[in-house]
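Heads up, the thing below is written out as structure tokens.
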Amino acid sequence: VAFGGSNNSDQTTQSANAMDLNACYSSLINQERALNDLINKYQTGEESPANAAERISGLADGIGNTINAINGNADSKYKESLISLATAFKGIATHYSNYIKTGSQSELDSATTLQQQLESLKSSVEEAK
């Protein structure tokens, strides 16, 4: 058994699990579209509050998976800016889902605050690409 063999396999596993940052960015844009769609369906009454809250909460979990994939990449400005953007999306989904469930104005305010930061976060991602 060669020394350091386990290190090599760990590195291989890590890079196999890491999704390319551009693929992560594409995934995030699709998740943002889905989030906006779900919020819109809730607001128009097309989706019941219970279903909307559950689906948005599930989307927050999916965004969490994307964050994990981003974290599998080497450190870079692009990675940092993607993490910030993804964290904002996850926060919006989590706060909005909680708002639907509880009617709490502070949850809605938190989601709105994060939404107002999105353009700046997206600009940072574009600059870092």
Side-chain angles (χ1 to χ4, degrees):
V1 175
F3 291 108
S6 62
N7 277 350
N8 291 341
S9 64
D10 286 348
Q11 288 171 342
T12 303
T13 303
Q14 184 179 3
S15 56
N17 291 339
M19 193 191 305
D20 171 79
L21 288 176
N22 288 325
C24 290
Y25 186 36
S26 294
S27 182
L28 278 177
I29 296 307
N30 290 333
Q31 288 167 326
E32 178 192 24
R33 207 172 291 124
L35 177 60
N36 290 336
D37 187 50
L38 287 170
I39 290 172
N40 186 46
K41 284 181 176 177
Y42 164 73
Q43 290 174 339
T44 61
E46 189 178 329
E47 190 80 61
S48 74
N51 282 348
E54 186 176 325
R55 291 180 67 194
I56 293 170
S57 179
L59 187 57
D61 293 341
I63 296 167
N65 291 336
T66 302
I67 291 170
N68 292 339
I70 296 167
N71 274 321
N73 286 272
D75 286 341
S76 66
K77 277 266 189 230
Y78 189 23
K79 175 183 170 180
E80 288 172 28
S81 59
L82 279 177
I83 293 278
S84 296
L85 181 61
T87 301
F89 287 150
K90 184 176 181 187
I92 292 166
T94 301
H95 288 300
Y96 207 89
S97 176
N98 290 340
Y99 160 69
I100 294 171
K101 292 174 190 167
T102 66
S104 165
Q105 185 63 42
S106 67
E107 290 286 359
L108 182 59
D109 291 346
S110 294
T112 302
T113 298
L114 287 169
Q115 284 174 316
Q116 291 167 348
Q117 297 169 8
L118 289 180
E119 286 311 310
S120 169
L121 291 169
K122 287 178 186 177
S123 293
S124 295
V125 168
E126 288 300 324
E127 289 165 18
K129 267 176 116 173

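These values consider heavy atoms only, across backbone and side chains, with no hydrogens, waters or symmetry-generated copies. Residue numbers run from 1 in the order of the sequence given.
- K79 and A74 make their closest contact through CD-O, 3.4 Å (heavy atoms, listed as atom of the first residue, atom of the second, distance).
- Counting only residues at least two apart or on different chains, the ring-ring contact (aromatic ring centres under 6.0 Å, His included) pairs with a member in residues 98-117 are Y96-Y99.
- Within the 4.5 Å cutoff, the side chain of I92 has heavy atoms near those of the L118 side chain.
- The heavy-atom pair separating S97 from S57 by the smallest distance is OG-CB, 3.5 Å.
- For the pair I70 and L28, the minimum side-chain heavy-atom distance is below 4.5 Å.
- Pairs engaging residues 34-44 under the salt bridge (Lys or Arg N to Asp or Glu O under 4.0 Å) rule: D37-K41 [sequence neighbours left out].
- Between the S123 side chain and the E119 main chain, a donor and an acceptor come within less than 3.5 Å of each other.
- Side chain of Q31 to backbone of G62: a donor-acceptor contact under 3.5 angstrom is found.
- Taken from CG in L21 to OG in S26, the straight-line distance is 11.0 Å, to the nearest 0.5 Å.
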Considering only distance and modelled atom types, tabulate donor-acceptor pairs under 3.5 Å from the side chains of residues 45-52, sequence neighbours left out.
{"residue": "E47", "atom": "OE1", "partner": "R55", "partner atom": "NH1", "Å": "2.6"}
{"residue": "S48", "atom": "OG", "partner": "N51", "partner atom": "N", "Å": "3.1"}

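- Atom CD1 of I83 sits about 8.5 Å away from atom SG of C24, to the nearest 0.5 Å.
- To the nearest 0.5 Å, the span separating CG on N71 from OG1 on T66 amounts to 11.0 Å.
- When all heavy atoms are compared, the tightest approach of I67 to A86 is CG1-CB, 3.5 Å.
- Remark: K90 pairs with no residue by the salt bridge (Lys or Arg N to Asp or Glu O under 4.0 Å) rule, at least two apart or across chains.
- Under the side-chain contact (heavy atoms from CB on, under 4.5 Å) criterion, N40 pairs with T44, not counting sequence neighbours.
- How far OG of S27 is from CD1 of I63: 9.0 Å, rounded to the nearest 0.5 Å.
- Looking at residues two or more places apart in sequence or on another chain, you find no side chain to side chain donor-acceptor pair (under 3.5 Å) involving N36.
- A search for side-chain contact (heavy atoms from CB on, under 4.5 Å) contacts involving I29 returns Y25, E32, R33, not counting sequence neighbours.
- In this view, S120 satisfies the side-chain contact (heavy atoms from CB on, under 4.5 Å) rule with no residue, not counting sequence neighbours.
- Applying the salt bridge (Lys or Arg N to Asp or Glu O under 4.0 Å) criterion to D109, with sequence neighbours excluded, gives no partner residue.
- Distance CD/Q43 to CD1/I100: 8.5 Å, rounded to 0.5 Å.
- With a 4.5 Å cut-off on side-chain heavy atoms, L38 and L35 do not count as touching.
- Rounded to the nearest 0.5 angstrom, I39 CD1 and I56 CD1 are separated by 5.0 Å.
- The local environment of CD in E107 is crowded, with over 12 non-hydrogen atoms from other residues, nucleotides or ligands closer than 6.0 Å.
- Residues passing the side-chain contact (heavy atoms from CB on, under 4.5 Å) test with Q116 are T112, sequence neighbours excluded.
- Applying the ring-ring contact (aromatic ring centres under 6.0 Å, His included) test to every pair with at least one member in residues 109-128, sequence neighbours left out, gives no pairs at all.
- Under the salt bridge (Lys or Arg N to Asp or Glu O under 4.0 Å) criterion, K77 pairs with no residue, sequence neighbours left out.
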